2 protein chains.
Amino acid sequence: MNPTIHDVARLSKTSKSTVSRYLNGQPVKKRTEETLKAAIKELGYHPNVNARRLVKNSTQTIGVVVDDISNNFYSGILRGIEKVANLHNYQCVYYNGVSHRQGEFGFLNLAHERQVDGLILISFLKRSPELFEKIKDLSMPVALIGDGGEGIRDHGLLSVDVNNEHGIKEIVHYLNRIGHKEIAFIAGPDEFSATSQRITGYKKALKELGLTLQPSWIVPSDWSKEGGYKAMSELINKGGMTAVIASNDETAIGALLCTHELGFRVPKHFSIAGFDDIEVSSWVYPPLTTVKQPLYQIGIEATEGLVKKMKNKEAPLQGRRLIEPNLVVRDSCMNLL
Amino acid sequence: MNPTIHDVARLSKTSKSTVSRYLNGQPVKKRTEETLKAAIKELGYHPNVNARRLVKNSTQTIGVVVDDISNNFYSGILRGIEKVANLHNYQCVYYNGVSHRQGEFGFLNLAHERQVDGLILISFLKRSPELFEKIKDLSMPVALIGDGGEGIRDHGLLSVDVNNEHGIKEIVHYLNRIGHKEIAFIAGPDEFSATSQRITGYKKALKELGLTLQPSWIVPSDWSKEGGYKAMSELINKGGMTAVIASNDETAIGALLCTHELGFRVPKHFSIAGFDDIEVSSWVYPPLTTVKQPLYQIGIEATEGLVKKMKNKEAPLQGRRLIEPNLVVRDSCMNLL
DNA sequence: GTGAAAGCGCTAACAG
DNA sequence: CTGTTAGCGCTTTCAC
């Protein structure tokens, strides 16, 4: 059996409360402290966190729920989350959304069973109204990363995402600045909330620049390399554009491949840009011009908001924060001027 | 305040013990069961897991410690772990080894504080003797994935890894089968236990095939794309080989790039093979011939061993399991025959 | 089958 | 500053 606080008290000839106080950083007499320290060391004592959690009714833990924990894309977000969590002495437990037997809403048990004090839900898929219903019953702070549930009427949650619309606008403007006027767009799948936001950005930017919108130049795709390949070959068939923006890097890389295989060169015959700035984007040939997701910053902001809420039940701090992404210029777009 | 088991008992006019028994699947009268079910629903009751953990002195949780949770490479391993864990009704909590303030051994607190019932440590870096000392004091089952602590005398732990030696041997034999006799090798960094194992595989395979070992054809590198680039340019300077095996895919991709930039073609002028089979290996041109890490299987086996130990304190089940990787033939090696 | 009672290891008043 | 006491919410004997 493991030593308990009681054993420490006995060995050091004090009481449980004194030990507890010492453990929690409250003042004890210098002399007591030394005895305590010695006893703890001798016994190899470690507090039982389950007992503490029970009595304090708090866990100092943040539950981080992701669809797929090993999805490399989340990497930066998780780093941001851990950074802030650790700073405030919170522990993170990661919960693999999909893989659980309890189904889509299995993560709710983390909250119901009081394993965590707050929740960060990461998903770029459009969230269902049911989800918001369930969260409402939770009586526990929740922060959303990715889709914030637009279209669902005010849910009073903190939500953080990249400014998709603005990100695409930046590329369009950049392309225009280097002389492009015929710009096509490969869109993403409908299940992601970013898809419509990025399309909107594309359309608005064209309008801002006085370029005409060619509806057939917006081709839907699925954010996969294969999808990008297919979309690009369609676009090349249609012809007429000097640049194409893929709404994510993986698609852009597929488009790159297609272009090369059809005997064209990038950026000579077509300029291609992406969105996300995933690692391989700098590996491909030519290195991809893209928009860098502010992943780390997203993690930071969501967690700061959450922590504030957990510490201070008053602070509302709800609302949507959009973080600005940055244009990363590499070699896949040609200067036409 | 959240409803407790006591509230359920009162509402259903039974006792705490009966509620507890029902919750734990022990037999109760049909009639009681219905009342209970109704009361639980009405109150929105959920058991407090912290109380349960305290009294049972067990958490039904596996702690999974990784250097970097967002390292894509671990993806398959984690899937394997979750699969088996869920199957046996264990929950997983992931612990980000490095990022924690408590330092290298911070994960020990997971065990000491009884947050978990068992631990899976994932790391391909050579483990330190101190680590094994600390683990020994843990009185809790531990499984190792990756480095098993060779050279450290018997530690009685279960450890699972890929058969690195055999994996490289397979490539060498394959290359030889398609006519290669002059095969160079780009080695990995010393900190990884796989490095020496893969070098050994290379040397042994050459010997088995009666090929002469050219020491200058083993060039050290660092498992990065840039490192692979550099190593390949050295090798090309030396000249004479028809094939080069990079000891991981990232290095191989760097080598590919270098070869192309120097005006050579793969596999025409040089055949190049890798190890790991990371996602991008099939994206590059030409698609890379490599050895596929049996990641999922590694996760499965480690977790099965751990679960067995957690359920049955007797079962020793220690020892080292090496899982065989599979050769993946794509287009980066030329048939010389 | 069910209820009463004890106790898991800890914290938090409350006196002193 | 320190000890006493009373729980936190649950499981688990032990009677009945």
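Basis for what follows: all heavy atoms, side chains included, without hydrogens, waters or symmetry-related copies. Nothing here was measured: the structure is a model prediction, and the numbers come from that model.
Of the side-chain N and O atoms in A:T18, one or more sit less than 4.0 angstrom from OP1 or OP2 of D:dG3. Between B:S20 and D:dT12, a side-chain N or O to OP1/OP2 separation shorter than 4.0 Å is absent. At the phosphate of C:dC10, OP1 or OP2 sits under 4.0 Å from a side-chain N or O atom of A:Y45. Within the structure, a side-chain polar atom (N or O) of A:N24 is placed less than 4.0 Å from OP1 or OP2 of C:dT11.
Side-chain proximity of A:R21 to the nucleotides D:dC10, C:dG9, D:dT2 is greatest for D:dT2. The nucleotide whose nearest atom lies closest to any side-chain atom of B:T4 is, among C:dT2, D:dC10, C:dC10, D:dC10. In the set C:dC10, C:dA6, C:dT11, the nucleotide with an atom closest to the side chain of B:K16 is C:dA6. Comparing D:dG3, C:dT11, D:dC1 by their closest approach to the side chain of A:K29 singles out D:dC1.
Among the atoms of the strands shown, none is found under 4.0 Å from any heavy atom of A:N57. As judged by a 4.0 angstrom heavy-atom cut-off over every strand, B:N50 is placed among residues making no nucleic acid contact.
The line from CD1 of B:I298 to OG of B:S159 is 10.5 Å long, rounded to the nearest 0.5 Å. Separation of atoms CD (B:Q115) and CD (A:Q115) is listed at 10.5 Å; rounding is to 0.5 Å. To the nearest 0.5 Å, the span separating CD on A:Q293 from CG on A:D161 amounts to 7.5 Å. Note that the OG atom of A:S20 and the CD atom of A:Q26 stand 7.0 Å from one another [nearest 0.5 Å]. Rounding to the nearest 0.5 Å gives a distance of 10.5 Å between OH of B:Y22 and OG1 of B:T32.
Straight-line distance from the CG atom of A:L54 to the P atom of D:dA6: 18 Å, rounded to whole Å. When rounded to the nearest whole Å, the span between OH of B:Y22 and P of D:dT11 equals 14 Å. Atoms CD (B:E113) and P (C:dT11) sit 11 Å apart, rounded to a whole Å. Separating the CZ atom of B:R53 from the C1' atom of D:dT12 is a distance of 20 Å, rounded to the nearest angstrom. For the pair B:H46 NE2 and D:dC10 P, the interatomic distance rounds to 12 Å; values are reported in whole Å. Spacing between atom CZ of B:R10 and atom P of D:dC10 amounts to 13 Å, rounded to whole angstrom units. If you measure from atom NE2 of B:H6 to atom C1' of D:dT11, you get 15 Å, rounded to the nearest angstrom. A straight line from CG of B:D7 to P of D:dC8 spans 11 Å, rounded to a whole angstrom.
In this structure the side chain of B:F124 never reaches within 4.5 angstrom of the side chain of B:D67, judged on heavy atoms. The closest side-chain heavy-atom distance from A:I62 to A:M310 is below 4.5 Å. The closest side-chain heavy-atom distance from A:Y45 to A:I5 is below 4.5 Å.
In terms of position on DNA chain C, the residue among B:K56 and B:P27 whose nearest nucleotide sits closer to the 5' end is B:P27.
The base of D:dT4 sits with one of its N or O atoms less than 3.5 Å from a complementary donor or acceptor on the side chain of A:S17.
Note on the helix from C:dG1-D:dC16 to C:dG16-D:dC1: angle between the axes of the first and last five pairs equals 30°, rounded to 10 degrees.
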